[in-house]
Amino acid sequence: MKIICIGRNYLPHIKELGHQVPESPTFFLKPDTSVITCNRPFPLPAFSQQVEYEVEILVRIGKEGKNIQECEAHTCYHELGLGIDFTARDLQKKCIEQGNPWEIAKAFDGSAVISQFIEKEAFEDINNLNFHLDLNGTTVQVGNSGDMLFPIDRIIAHVSQFLTLKEGDILFTGTPKGVGKVAVNDRLEGWLEDRKLLDFRVE
Ligand code: ZN
């Protein structure tokens, strides 16, 4: 199983990090050892002074495919979820400055928090899905899937030119603005529409 994460998919978040607007989806991978499920606590790593949450809509790939056409992409997934792409922002800045790959900032143990998955038919319109994240009871990130620069089907078409997608692979579809630092004992709660899918602590 692999985790494919889309970077820079919401304009206000690109601006808050001072990045360029991409012409095609940028993506990176996280290994299976990064996964946390069932709302288990997130262990804050000691090697970073600035670990930040990024709440994102998740897509679980339902069948194997390569070179998938955008118009066929909807047949490749049936389930959506919510996740946190934990990012060691201080290390990521260094990687970017030095032109190094991002793994130490993005692929560390626990960096992929994954909720349960819900059948996509349970939602009226997957291109108009509201989601939000609360930190210690205060809403810090609000997003809508309609604001993605690259919608889910386009992401799948793009990524599958390079990587064969397999059943069980998970896409992180990018984060809206409002990312911020976490500390020990913080509580994070995430909603996809009116469903609370994330509720865990930092330890
Ligand atoms: Zn992200």
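Nothing here was measured: the structure is a model prediction, and the numbers come from that model. Start at 1 and go down the list; that is how both ligands and their atoms are numbered. Nothing fancy with the numbering, it's 1 onward along the sequence.
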4.5 Å side-chain heavy-atom contact, Cys95 and Ile104: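 Heavy-atom side-chain distance check passes, below 4.5 Å.
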
Validation row: Ile4, Leu171 side chains within 4.5 angstrom (heavy atoms):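 Yes - at least one pair of side-chain heavy atoms lies under 4.5 Å apart.
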
Just give me the atom name: the N, O or S atom of [X] closest to the Zn ion (ligand 1).
{"X": "Glu54", "value": "OE1"}
{"X": "Asp85", "value": "OD2"}
{"X": "Glu56", "value": "OE2"}

Validation row, ring centre Phe47 to ring centre Phe108 under 6.0 Å: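 Here the rings of Phe108 and Phe47 have centres that are less than 6.0 Å from each other.
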
Short N-O contact, Glu52 and Arg89, less than 4.0 angstrom: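 Yes.
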
